[in-house]
Q: 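Okay, handing you the structure first.
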Amino acid sequence: MNAVTETVAAEPVSGIEIFVPLAKLKKSPRNARKVPHGEAAIEALAASIQHKGLIQNLVIEPEAKEDGTPTGYYLVTAGEGRRLAMLLRAKRKQIKKSEPVRCWLDTQNDPSEISLDENVTRTPMHPADQFERFAELSNDKGWGAQEIGARFGVSAAVVKQRLRLGAVSPKLLQVYREDGLTLDQLMAFAITEDHARQEQVFEGLHHNREPWIIRRDMTASNVPATDRRAVFVGADAYVEAGGNIIRDLFSEDRGGFFEDAGLLDMLAIEKLREIAGTVQAEGWTWAEAHIDYPHAHGMRRFYPEPVALTDEDEARLEALSTEHDELAEGYSSYDEMPQDMAEKLEAISDEIDAISEKRSAYDANVIAHGGVFVVLNHDGVPRLERGFVRPEDEALADPQPEDAGEGPDAIDPDAVEDERAEHGDEDEQEIEEEDEEPGKPISDSLNRDLSAYRTLALRVGLAERPDLALIALTHTLTAQLFYSYAEAGCLEVRPTVTPLGSHADGIEDTPLAVRASDAHEAWAKRMPRDVADLWSFIVGLDDAQRLALLAHCASRTVNALRLPWDRKPRSLQTADRLATALALDMAKDWTPTVDSYLGRVTKAHIVAAVTEGVSDDVARRIADMKKPDMAHAAEQLLAGTGWLPAILRTPEPEAKQPVPVEQEDAGTAEQPSEAEAPEARAGDDEAAYAVAAE
């Protein structure tokens with residue numbers, strides 16, 4: 001039928017196409033859709049109409065008064081969304097409210113049924129088809145995300161996501177159409193456009209197809225932008241060198257993934273070597289660049305020694321300190337100060353630090369024969385470790401006084417007991433009696449005998465002198481931990497310091513590790529240069545300092561690692577008791593984050609953590625989230641709660657059991673003898689082992 005232009009006087013005839021001014025169209029009270037259209041949907045319709053015109057007519061009926069007289073307006077039975085979209089265009093001055101709108105006049109059918117039919121009797125396009133059509137518009141017509149978004153009323157970011165999904169392997173898109181993949185899983189595959197890689201990961205999936213597992217497998221050979229190497233090198237330098245960064249358009253990718261790990265390593269090493277070259281110019285023999293600290297270097301480390309400041313530096317330091325205090329008085333931070341004053345105060349502080357650094361310096365021999373490791377911290381900041389000397393250069397860096405080799409008990413290293421070999425043990429006494437040549441060293445066998453008696457006497461004497469035992473133990477541990485001289489002490493006590501860097505990435509750069517390192521360096525700076533002077537140094541300490549040094553040495557040997565191949569329940573039980581005695585509170589130094597815990601456990605563990613740390617209700621609210629979102633939400637929820645996983649919790653002190661009066665009166669008579677004690681403890685040890693193993 002021919003379209004006609006509506007006039008108020010015209011008698012409405014059903015089943016014709018007419019043009020009605022936009023201002024004369026109203027929402028029908030019999031529209032089946034009670035939930036209004038969303039803003040995004042109206043935006044999309046407005047954009048579509050602007051670029052392609054009204055593709056589908058509105059279905060209308062005349063509005064009438066109670067007596068049946070026409071009002072001159074029309075009620076939109078089907079197409080309310082399109083009416084709102086055109087009103088939005090009029091509001092934006094793109095069209096006038098008098099703009100004629102193409103409509104289909106229908107007075108025969110029930111308006112309520114028509115409205116319901118339009119919303120029910122239709123099959124929406126499968127998302128995969130939409131993704132592919134968007135990709136075709138980009139590939140065939142050359143439209144970018146902005147152009148496509150403008151024509152369909154969606155943001156450029158949404159268009160980019162759909163284009164990325166349309167670029168997924170056709171094989172996986174077909175699996176998605178057949179409900180073999182969810183949209184979340186398809187989005188995980190879209191993290192890269194490598195179809196071969198996508199199909200390879202898909203074939204390798206088993207029963208667990210969670211999106212985070214797919215993303216993990218898709219980026220297994222890539223490096224996240226939060227990695228210390230990526231932070232150190234920087235995205236610009238990496239891309240300039242020809243590297244590609246993969247972006248995840250469907251979740252927070254924190255800067256994406258660096259695709260070429262080999263290139264990233266090469267750039268990081270090159271940059272570290274540049275720093276090493278600058279440091280070596282200080283006079284060091286060598287400077288090595290490593291991404292990871294080389295724990296197995298086997299070298300002895302020397303520390304800076306105290307150096308007295310010149311009178312000029314002392315005077316300048318005192319003057320600067322006074323000026324600094326006068327300027328800072330009344331202010332608690334630089335932010336509160338005028339800018340010029342803050343800049344002046346910062347300059348003074350920098351000069352104070354520079355002069356203070358002169359209070360310690362490396363010995364010239366150490367610099368001349370030692371070197372520096374330049375390594376990369378977990379946060380992407382380079383760290384300089386100075387003062388390492390290779391074994392073959394130790395004598396040059398730290399010449400020790402030669403043994404005199406004289407005295408009544410001195411032994412000639414070239415002396416050989418040929419007589420024992422020729423005459424046998426039974427003639428040894430006779431040979432020693434006959435050989436009275438002056439200066440002849442005593443035999444090895446006699447040396448062993450006499451030294452055995454002396455050793456026994458030292459053991460007995462030391463057991464009776466706890467004060468000297470403390471000195472001897474401290475000396476033995478210190479000689480090995482600070483000088484690497486196992487033979488410097490006469491106690492057969494060997495400290496073992498297990499590096500933790502290989503067990504927890506980045507642990508050596510945490511505030512806890514910094515405290516431990518600072519304490520060690522503080523003691524190292526006080527140590528005498530020559531290990532031969534160590535005994536006198538320890539004797540010269542007061543009791544509190546000596547105990548502090550012993551405590552430091554003992555602390556370096558603590559090992560409470562739980563390793564799958566190393567069953568040591570008794571050691572771990574002792575570590576628990578030590579933690580209890582120390583009242584150890586790990587919440588002061590460790591917090592549950594996505595990287596430290598929440599991103600490395602199952603959803604069930606995350607829910608359990610929030611339940612314990614916050615509440616059941618809060619845990620239920622995040623239970624249905626995707627794992628990455630759940631982990632980030634849990635990190636925020638647990639912040640400041642002090643929640644700790646079981647392995648980090650300190651056991652409560654055991655309550656002391658009351659002792660019966662009869663046992664108290666019995667005294668030591670009831671205690672087992674030394675010979676009986678091992679058997680008496682055997683059962684307890686077995687039980688302790690079983691409990692710890694659980």
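Sequence positions, counted from 1, serve as the residue numbers for this chain.
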Q: Looking at R383, I want to see if its CZ is surrounded by more than 12 non-hydrogen atoms of other residues, nucleotides or ligands under 6.0 Å.
A: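 Result for CZ/R383: enclosed.
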Q: Contact between V223 and D260 at the side-chain level, heavy atoms closer than 4.5 Å - yes or no?
A: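 V223 does not reach D260 side chain to side chain.
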Q: Within the 3.5 Å criterion, strictly below it, is a donor on R197 or Q200 matched to an acceptor on the partner's side chain?
A: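 Distance-only check passes for R197 and Q200.
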Q: Quick one: are L549 and T478 in side-chain contact, heavy atoms under 4.5 Å?
A: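 SC-SC contact between L549 and T478 confirmed.
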Q: Under 4.0 Å between a Lys/Arg side-chain N and an Asp/Glu carboxylate O for E521 and R526?
A: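 No salt bridge links E521 with R526.
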Q: Do R300 and F302 have side chains that get closer than 4.5 Å, going by heavy atoms?
A: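 Yes, at least one pair of side-chain atoms sits under 4.5 Å.
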Q: Do H369 and E394 touch side chain to side chain, with heavy atoms closer than 4.5 Å?
A: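 No, side chains not in contact.
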Q: CD1/I214 to CD/Q198 distance, rounded to the nearest 0.5 angstrom?
A: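 Interatomic distance, I214 CD1 to Q198 CD, rounded to 0.5 Å: 10.5 Å.
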Q: Between H520 and F482, does the ring centroid distance fall short of 6.0 Å?
A: yes
Q: Does CD in E318 sit with more than 12 non-hydrogen atoms of other residues, nucleotides or ligands closer than 6.0 Å?
A: no
Q: State whether E193 and R164 are salt-bridged, where the test is any N-O pair (Lys NZ or Arg NE/NH1/NH2 against Asp/Glu carboxylate O) under 4.0 Å.
A: yes
Q: Working to the nearest 0.5 angstrom, can you tell me the gap between L172 CG and Q185 CD?
A: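 Reported to 0.5 Å precision, the distance equals 10.5 Å.
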Q: Any side-chain heavy-atom pair from F257 and I245 closer than 4.5 angstrom?
A: no
Q: Going by the rule side-chain contact (heavy atoms from CB on, under 4.5 Å), which residues pair with E288 if we only count those two or more places apart in sequence or in a different chain?
A: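 Expected list: W286, H290, F373, R390.
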Q: Indicate the atoms forming the closest heavy-atom contact of I606 with A634, along with that distance.
A: CG2-CB, 3.6 Å
Q: For N244 and E259, test the side chains for any donor-to-acceptor distance below 3.5 angstrom and give the result as yes or no.
A: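 N244 vs E259: donor-acceptor pair found between side chains.
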Q: Under a 4.5 Å cut-off applied to non-hydrogen side-chain atoms, are L317 and R359 in contact?
A: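 Side chain of L317 against side chain of R359, heavy atoms only: contact under 4.5 Å found.
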Q: Does some side-chain heavy atom of M586 sit less than 4.5 Å from a side-chain heavy atom of L584?
A: yes
Q: Nearest heavy-atom pair of G370 and V389: which atoms, and what distance?
A: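 Smallest interatomic distance, heavy atoms only, reads CA-CG2, 3.9 Å.
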Q: Decide, yes or no, whether a salt bridge links D184 with K626 under the criterion of side-chain N to carboxylate O below 4.0 Å.
A: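 Salt bridge flag = yes for K626 with D184.
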Q: Using atom types as modelled, flag every donor-acceptor pair under 3.5 Å from a side chain in residues 343-354 to any protein atom, sequence neighbours excluded.
A:
unit_1	atom_1	unit_2	atom_2	d
E343	OE2	Q339	NE2	3.2
E351	OE1	R316	NH2	3.1
E351	OE2	R316	NE	2.9
E351	OE2	R316	NH2	3.2

Q: Rounded to the nearest 0.5 Å, what separation is found between the CG atom of L598 and the CG atom of L638?
A: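 Rounded to the nearest 0.5 Å, the CG-CG separation comes out at 6.0 Å.
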Q: Would you sort out whether K525 and E305 count as a salt bridge (charged side-chain N to carboxylate O under 4.0 Å, His left out), showing the intermediate values?
A: CA-CA 6 Å; K525 291 176 180 178; E305 298 177 354; over 6 Å; no
Q: Rounded to the nearest 0.5 Å, what's the gap from OG1 on T593 to CD on Q636? Could you check?
A: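 Going from the OG1 atom of T593 to the CD atom of Q636 covers 11.0 Å.
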Q: Heavy atoms only: give me the nearest A560-A575 pair and the separation to one decimal.
A: CB-CB, 3.7 Å
Q: Heavy-atom count around E652 CD within 6.0 Å, excluding the residue itself: above 12?
A: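 Counting other residues, nucleotides and ligands, CD of E652 stays at 12 neighbours or fewer.
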Q: Do other residues, nucleotides or ligands put more than 12 heavy atoms under 6.0 Å from the CG atom of D325?
A: yes
Q: Ignoring hydrogens and geometry beyond distance, is a side-chain donor-acceptor pair present between E199 and S169 at under 3.5 Å?
A: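 E199 vs S169: donor-acceptor pair found between side chains.
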Q: Over 60° means perpendicular and under 30° means parallel, so classify the ring planes of Y238 and F258, tilted if in between.
A: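 Aromatic pair F258/Y238 classed tilted.
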Q: Report yes if the distance between the aromatic ring centroids of Y303 and W523 is under 6.0 Å, otherwise no.
A: no
Q: Out of curiosity, Y597 OH to I647 CD1, how far, rounded to the nearest 0.5 Å?
A: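 Answer for the OH-CD1 pair, Y597 versus I647, is 10.0 Å.
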Q: Going by an N to O cut-off under 4.0 Å, is there a salt bridge joining E210 and K603?
A: no
Q: Going through the checks in order, is the salt bridge (charged side-chain N to carboxylate O under 4.0 Å, His left out) test met by D363 and R529?
A: CA-CA 10 Å; D363 185 272; R529 174 69 181 276; 3.0 Å; yes
Q: Do T557 and T496 have side chains that get closer than 4.5 Å, going by heavy atoms?
A: no
